[in-house]
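Structure record follows, encoded as structure tokens.
Heavy atoms only: backbone and side chains are in, while hydrogens, waters and symmetry mates are out. Reminder, nothing fancy here: chain letters follow the sequence lines and each chain counts from 1.
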Amino acid sequence: MTSNTLEVPPVVVAAVNLKTIINEKHNVHEIVSASVICCHQVKIDTPMRSEDWQKRGTISHFTVMRKLEGSIFPIGLTKEASDRNQKAGSNVLALESSERALLNRLMIELSKLDCDVLVGHNISGFDLDVLLHRAQTCKVPSSMWSKIGRLRRSVMPRLTKGNTLYGSGASPGIMSCIAGRLLCDTYLCSRDLLREVSYSLTQLAETQLKKDRREVSPHDIPPMFQSAGTLLKLVEYGETDAWLSLELMFHLSVLPLTRQLTNISGNLWGKTLQGARAQRVEYLLLHSFHAKKFIIPDKFAARNKELNSAKRKLNADTEGGNAADGAADPSIDDEVHHGDQGKARKGPSYAGGLVLEPKKGLYDKYILLLDFNSLYPSIIQEFNICFTTVERSSDGNLPNLPTSKASGVLPELLKSLVERRRMVKSWLKTASGLKRQQFDIQQQALKLTANSMYGCLGFSNSRFFAKPLAELITLQGREILQNTVDLVQNNLNLEVIYGDTDSIMIYTGLDDISKAKAIAGKVIQEVNKKYRCLEIDLDGVYKRMLLLKKKKYAAIKVALDGSLRENIERKGLDMVRRDWSMLSKEIGDFCLNQILSGGTCDDVIESIHNSLVQVQAQMKSGQIELEKYIITKSLTKAPEDYPDAKNQPHVQVALRLKQNGFSGCSAGDTVPYIICSQQDSDNTHSGGIAQRARHPDELKRDPNKWMIDIEYYLSQQIHPVVSRLCASIEGTSPARLAECLGLDSSKFQSRSIGSSNEDTSTMLLSVIDDEDERYRGCEPLRLSCPSCTNTFECPAVSSLIASLSDPNEGKDATVNFWRRMRCPRCPDDTDECRVSPAVLANQIKRQADNFINRYYKGLLMCDDEGCKYSTHIVNLRVMGDSERGTICPNYPQCNGRLVRQYTEADLYRQLSYFCYVLDATRCLDKLDQKMRLPFEKEFAVLNQTISSAFLEIQRIRDRCAFGWVQLTDLAVSI
DNA sequence: ATGATAGGACAATTAC
DNA sequence: GTAATTGTCCTAT
């Protein structure tokens, strides 16, 4: 807290921007100009508004420029430069004859400024790298280039490490050159602090600073040397870019925020600026444990990890070792090893948060969104989870919750962070002006620190890596969420429609917001009663909501402060993702607005259909701006590292841009491209995805050569977006939407969607039938081949029936009908592999039996293999339709996973479906007697089975008042 | 060297 | 050829 009262001296910040050209021969960048904007009075304890730092006398700037090799500066430039210098009273534009001289001059000026912080956009990935490489190549003496830092060096360190990883900052060699100064890369910072579709300076200037920026690529530069006017433009662009990154830094309050983060965790500011989040937590824990006189785990370099731990094991063995430590090691090493390889290749190494199966659909009455405030940090405190309190077993099993009363180090630490934040927030309320901003930064930093603690426990390269602890925390999180859901559903009789990790959504079914809020109050009260530290809170009230999938929904959020403000919140839907084009996002947004508008179904559908027809027409007549077709994809590797670039259009574009010297094209960049085709002389278009991706700039340059592939856009970008959104709206279908878009609707049947999903409430049409809604969500009928072990799905009934009435089938219709019911795996169309009517009836009966059985026992069936349901039959009861989501009674042996949820409605629906199939096949007049007779008999048996099942259910229902019974009362024998 | 896992969508690859 | 698996990307929490 002392930092608040101490006067912190201002620092000097210099923003650097280089302009380069490409040397085709060596494929390297050569510097032609360097601009520096320097701010001499930068406060680091408070955010700075633009009027604070743009004062006269605190800002200085200069640019140093050189002429191209073998040519001279254009006429008038030298005079202009000296005029400017004279007017400014200092060197603001220096002209040099060679790159070497430019570098020398730049270094001298930088050392005169002696800045504390170097700023630039992608400065660690580009400017510094180029600067030092050029210094090396041009043989700039070490006395000069080492002025970039504050340490005098005589030997250039190894600059490259070979790997240009995603989001990697400057290499260690480069960092060592600028020793004594801080490096602030606004590109890296903004990626941490903002969520943007692209992190290019142009984009950020537009969205954050509301300023236009002119993009200059290296091959635009040589032509600019033809006249003094264009060259002065180049100077202007360079200085503007430096200015913009400086402004961005102030805008995001990078320095005060990172300084606070550094202060809280006690690591190095330079590291915080590079975004080393794991290291911050590491230092914080080091300080805490050291203060309490604990011995701290050794630090291993990732490369030597295996070696070191092997040595350590050896030592532990020879010395007899600490039993707990020695035993814990192998499992940890094992996991680390796994984790290292696993993280990139395979999936996660332990289980995380619970996501509830959403009850999909469109809700039009108030919905409550409740969530636990910082769940994981609270769990650590609530259950006292710490290295010092949890007993970790050697076999990798989950540890038990600690029983010790004494608070561990971790919970204490979090408690103090929370308390400090609460205190700062209380000061925030009364403070004003600079103090207020200062407090705000501080409370943000405290929150960030507390929240990142859990992540580092599960981070395999962390010094404090503790998978068991992380696992224990997430397990508690899952339990807490599930318990909360149970409480709300069973005790408070409310409907939970969705929940993710730390939140639940409750559908109130009320029109009255004050009543809904009252319910929220009650829930909050009930839930919070159960916990000491944990706290659930009302996060929002939704007026209307479209719930599509896990992590995919949209809702109209009502302001909680009583005002009538409403805004639409979109989560995970296509339009919030950056891998869709602007056009598809806009159309999706329009549809969403319609769906949430509250209009009648028919109106909504009509307006969506109309707009699709309209969009199609607009696209075809060229009324859509080029920009809206742009797709952006990011590169996680450097483009040349993609093994199979031909299949990845954006990689192709990136590679080509790199050849052209586009500097912003390395790992981690977003590459904009447009799907288009090249028109050949014969009026055809060359195919292949790889050939069709082109950079928008190129299209602008030569627009006649390229055609935007509208067909592709309609089918690949717009149709999926719209049909996903409309899936829950009655009266529409993917095929109909395709029609409106002018696409071949037969290619967009819905039958292939969602067949493996056993969620019976699914709104999507399943494979069973594309016409009859009564059988939506049923389990498809699976047939087994009479001659081999293969099983396959029964073809859609409607198509079978259609085939019978198809005149083309003629008198062979019946034969063909049964021919369709044949095993797709057996090579020949023989009688053996065909499902005859008798076989079909038999199989339907078997499957119906199976289903009825599962319906009863299904309540006891847990997805978990290890859970033996048969022994627990007495504890279970038949669920009513409102009771989905009951926990398996064997909990916790089966980890609390949900039992299969069959409700009565499901049973009726499924059995009706079986009847339907049977009926559909039986009633065909075209079947000849010979095939029909045995079938008739089977059908009778099946019919009886099903009707007796219905009767049984009826009997049970009649007998009990509440619609459910103990299974012990039942002698179910089907 | 540079917090975590869960989940959906799509394209490419592999298995049958 | 089609179903299942794998890999990649981007989001939610």
Heteroatom pairs (N/O) under 3.5 angstrom, protein to nucleotides 11-13 of chain C:
from, atom 1, to, atom 2, distance (Å)
dT11(C), OP1, Val576(A), O, 3.3
dT11(C), OP1, Arg578(A), N, 3.1
dA12(C), OP1, Gly572(A), N, 2.7
dA12(C), N3, Lys551(A), NZ, 3.1
dT13(C), OP1, Tyr553(A), OH, 2.8
dT13(C), OP2, Lys571(A), NZ, 3.0
dT13(C), O3', Asp502(A), OD1, 2.3
dT13(C), O3', Asp502(A), OD2, 3.4

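Legend: residues meeting side chain to side chain contact (heavy atoms under 4.5 Å, CB included) with Asp502(A), ordered by chain and number and at least two apart, are Asp371(A), Phe372(A), Leu375(A). The ring pair (Phe, Tyr, Trp, His ring centres under 6.0 Å) check on Tyr542(A) picks up nothing, with sequence neighbours excluded. Annotation: salt bridge (charged side-chain N to carboxylate O under 4.0 Å, His left out) contacts of Asp537(A) (sequence neighbours excluded): none. With sequence neighbours left out, Lys552(A) forms a salt bridge (charged side-chain N to carboxylate O under 4.0 Å, His left out) with no residue at all. Considering only residues two or more places apart in sequence or on other chains, Lys550(A) meets the salt bridge (charged side-chain N to carboxylate O under 4.0 Å, His left out) condition with Glu357(A). Taking the side chain to side chain contact (heavy atoms under 4.5 Å, CB included) definition, one finds that Glu586(A) meets it with Met582(A), Lys628(A), sequence neighbours left out. For Glu196(A), the side chain to side chain contact (heavy atoms under 4.5 Å, CB included) partners are Leu194(A), Tyr199(A), Gln203(A), Leu204(A), Thr207(A), Gln208(A), not counting sequence neighbours. By the salt bridge (charged side-chain N to carboxylate O under 4.0 Å, His left out) test, Asp129(A) is found to be paired with no residue, residues two or more places apart in sequence or in another chain being considered. Listed by chain and number, the residues in a side chain to side chain contact (heavy atoms under 4.5 Å, CB included) with Thr501(A) are Tyr376(A) (sequence neighbours excluded).
Taking five base pairs at each end of the helix from dA4(B)-dT13(C) to dC16(B)-dG1(C), the local helix axes there meet at an angle of 20°, rounded to 10°.
Looking at heavy-atom distances under 4.0 Å, Gly455(A) makes contact with a base. Looking at heavy-atom distances under 4.0 Å, Ala278(A) makes contact with sugar-phosphate atoms alone, never a base. In this structure, Val355(A) reaches the sugar-phosphate backbone alone: every heavy-atom distance under 4.0 Å involves primed, P, OP1 or OP2 atoms, never a base. Within 4.0 Å (heavy atoms only), Gln716(A) reaches sugar-phosphate atoms of the nucleic acid but no base atom. Residue Arg280(A) is classed as having no contact, given no heavy-atom separation below 4.0 Å to the nucleic acid.
Contacts between residues 375-383 of chain A and DNA chain B, defined by a heavy-atom separation under 4.0 Å, are absent.
You'll find that the side chain of Trp580(A) is closest to dC10(B), out of dG3(B), dC10(B), dG8(B). Listed nucleotides: dG3(B), dT5(B), dC10(C). Nearest to the side chain of Phe459(A): dG3(B). Nearest to the side chain of Ser452(A), among dT5(B), dC10(C), dG3(B), sits dG3(B). For Pro720(A), the listed nucleotide lying nearest its side chain is dC10(B); candidates were dC10(B), dA1(B), dA4(B).
Remark: C1' of dG7(B) and NZ of Lys549(A) are 11 Å apart, rounded to the nearest angstrom.
Not less than 6.0 angstrom separates the ring centroid of Phe465(A) from the ring centroid of Phe459(A).
Two residues, Asn451(A) and Ala351(A), neighbour DNA chain B, and the one matched to the more 5' nucleotide by heavy-atom proximity is Asn451(A).
Between Arg463(A) and Asp298(A) there is no salt bridge, since no side-chain N of the basic residue sits under 4.0 Å from a carboxylate O of the acidic one.
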